[in-house]
2 protein chains.
Amino acid sequence: MKKEGGCQAGKGSLERADALCLRRGVRLTPQRRRVLAILCASARPLGAYEILEAMRDGSRSLAPPTVYRALDFLLEQGLVHKLESLHAFVGCRHPDHPHSGQFLICRSCGLVTELEDRGICESLLSAASATGFVPERRVVEVLGTCARCAEEGGCRND
Amino acid sequence: MKKEGGCQAGKGSLERADALCLRRGVRLTPQRRRVLAILCASARPLGAYEILEAMRDGSRSLAPPTVYRALDFLLEQGLVHKLESLHAFVGCRHPDHPHSGQFLICRSCGLVTELEDRGICESLLSAASATGFVPERRVVEVLGTCARCAEEGGCRND
DNA sequence: GTCGATGGCGCAACAGTATAACAGCAACCC
DNA sequence: GGGTTGCTGTTATACTGTTGCGCCATCGAC
């Protein structure tokens with residue numbers, strides 16, 4: 001459980017989030033910012049209760065609703081994503097434009113890669129609209145083995 | 001909570017499941033068959049505890065592990081799917097060939113449509129393999145409004 | 001037949017995830 | 001000042017899923 005710099009989001013994530021919320025007229029309060037900071041600093045997705053634990057750092061006792069409310073806000077603003085298959089959250093890699101990404105989730109090392117593949121979006125939307133369905137939220141998660149782990153794990157070429 | 005014939009799976013679902021398990025040399029025990037029957041008879045996805053409730057029908061008292069074990073089996077055999085975004089399960093519409101479908105989930109009426117769109121699969125797989133990722137399980141769920149509800153709800157064309 | 005191995009199931013307890021409901025408080029508008 | 005709104009703290013609880021143990025039926029070996 002290393003604690004070093006975030007892989008998910010760059011250094012300026014928080015500052016960009018500040019600017020973005022300012023522009024939108026919504027409030028990135030200290031609690032919300034804290035949750036975002038924890039997520040951005042993590043190399044892997046975190047569960048709500050892990051975030052809670054991280055927020056308790058010093059001594060303050062916090063309860064789940066605090067974290068969930070902050071997450072709700074951040075999800076609404078597109079600053080974080082929820083990984084349904086993991087019950088966990090990650091900082092968004094490019095929050096500047098609203099989107100619902102696709103996620104490659106390595107079961108071996110926990111690494112999550114966020115994609116924004118136009119082909120996937122289009123085939124998904126066209127398949128949906130072919131049935132008259134009106135999409136609102138898309139959940140696309142692929143569980144498997146990342147390149148590095150697949151390599152280390154023994155060069156599976158099958 | 002109507003109980004009439006299943007929309008998700010046709011009439012012969014159970015019989016096909018019997019044959020399939022026989023062929024594979026695995027046992028579709030009464031409990032497992034019961035869970036499958038309940039799912040197939042439901043017009044909408046059911047949570048594990050809803051299935052549990054349905055199984056208690058008469059008087060027998062059952063515990064969660066019973067249902068979860070049956071579901072594990074059915075999932076392994078591809079006879080049911082889990083909808084991660086709903087924490088719920090549906091009978092598979094075409095269990096004869098293994099696959100991981102895509103799901104259109106209506107937030108208004110609960111209807112779930114299972115797709116098997118080649119385009120989506122291919123764009124997903126090609127995007128994954130472009131990064132060297134080795135996919136094992138795919139979760140593709142689109143939440144929104146089904147054609148009927150969209151129509152009734154007031155012809156939203158936006 | 002009976003012995004051990006296996007797999008399915010019943011049962012109790014518990015772990016993990018998420019929400020409801022209510023209270024306090026600060027900021028803002030009038 | 002007084003009402004309103006939005007954010008947070010707190011307690012309790014609901015919902016989802018798992019662990020661990022023990023029983024019993026089945027099946028093959030002997």
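Each chain gets a letter, A, B and so on, in the order the sequences are listed, and its residues count up from 1. None of these values were measured; they are calculated from a predicted model.
As rounded to whole Å, 8 Å separates atom P of C:dG10 from atom CZ of B:Arg69. Nucleotide D:dG9 holds its C1' atom 12 Å from the CG atom of A:Leu52, rounded to whole Å. Atom CD of A:Glu53 is separated from atom P of C:dT17 by 13 Å (rounded to the nearest Å). Whole-Å rounding puts the B:Leu71 CG to D:dT18 C1' distance at 14 Å. Between the NE2 atom of A:His87 and the P atom of D:dT16 there is a distance of 11 Å, rounded to whole Å. The CE-C1' distance, from A:Met55 to D:dG9, rounds to 12 Å in whole Å. When the C1' atom of D:dT8 is taken as reference, atom CZ of A:Phe73 falls 14 Å away, rounded to whole Å. Following rounding to the nearest Å, B:Gln31 (CD) and C:dC11 (P) show an atom-to-atom distance of 11 Å.
The shortest non-hydrogen separation linking B:His99 to B:Glu114 is NE2-OE2, 2.7 Å.
Taking only side-chain nitrogens and oxygens, B:Lys82 never comes nearer than 4.0 Å to OP1 or OP2 of D:dT16. Contact annotation: A:Thr66 reaches the phosphate of D:dG9 (side-chain N/O to OP1 or OP2, under 4.0 Å).
Side-chain proximity of B:Ala48 to the nucleotides C:dC9, C:dA18, D:dG17 is greatest for D:dG17. Checking D:dT18, C:dT19, D:dT10 against the side-chain heavy atoms of B:Pro64 singles out D:dT18 as nearest. Each of C:dG8, D:dT18, D:dT10 was ranked by its minimum atom distance to the side chain of B:Arg32; first place goes to C:dG8. Considering only the side chain of B:Ala63, C:dC11 comes nearest among D:dT11, C:dC11, D:dG17. Residue A:Leu62 places its side chain closer to D:dG9 than to any other of C:dG8, D:dG9, C:dC11.
A salt bridge is defined here as a Lys NZ or Arg NE, NH1 or NH2 lying under 4.0 Å from an Asp or Glu carboxylate O, and A:Glu53 with A:Arg56 meets this definition.
Between A:Tyr68 and A:Tyr49, the ring planes lie perpendicular to each other; the angle is over 60°, past the 30° to 60° tilted range.
Stacking annotation: B:Tyr68 is not stacked on the base of D:dT18 (requires ring centroids less than 5.5 angstrom apart and an interplanar angle below 30 degrees).
In terms of position along DNA chain D, the nucleotide closest to B:Leu86 lies nearer the 5' end than the nucleotide closest to the other residue of the pair B:Arg27 and B:Leu86. In terms of position on DNA chain D, the residue among B:Glu84 and A:Ala70 whose nearest nucleotide sits closer to the 5' end is A:Ala70.
When the side chains of ILVMFWY residues are joined at heavy-atom separations under 4.5 Å, either directly or via intervening members, B:Val140 and A:Val139 end up in two distinct hydrophobic clusters.
With rounding to the nearest 0.5 angstrom, the CE atom of A:Met55 is 7.0 Å from the OG1 atom of A:Thr66.
Across all strands, B:Tyr49 comes closer than 4.0 Å to base atoms (heavy-atom distances).
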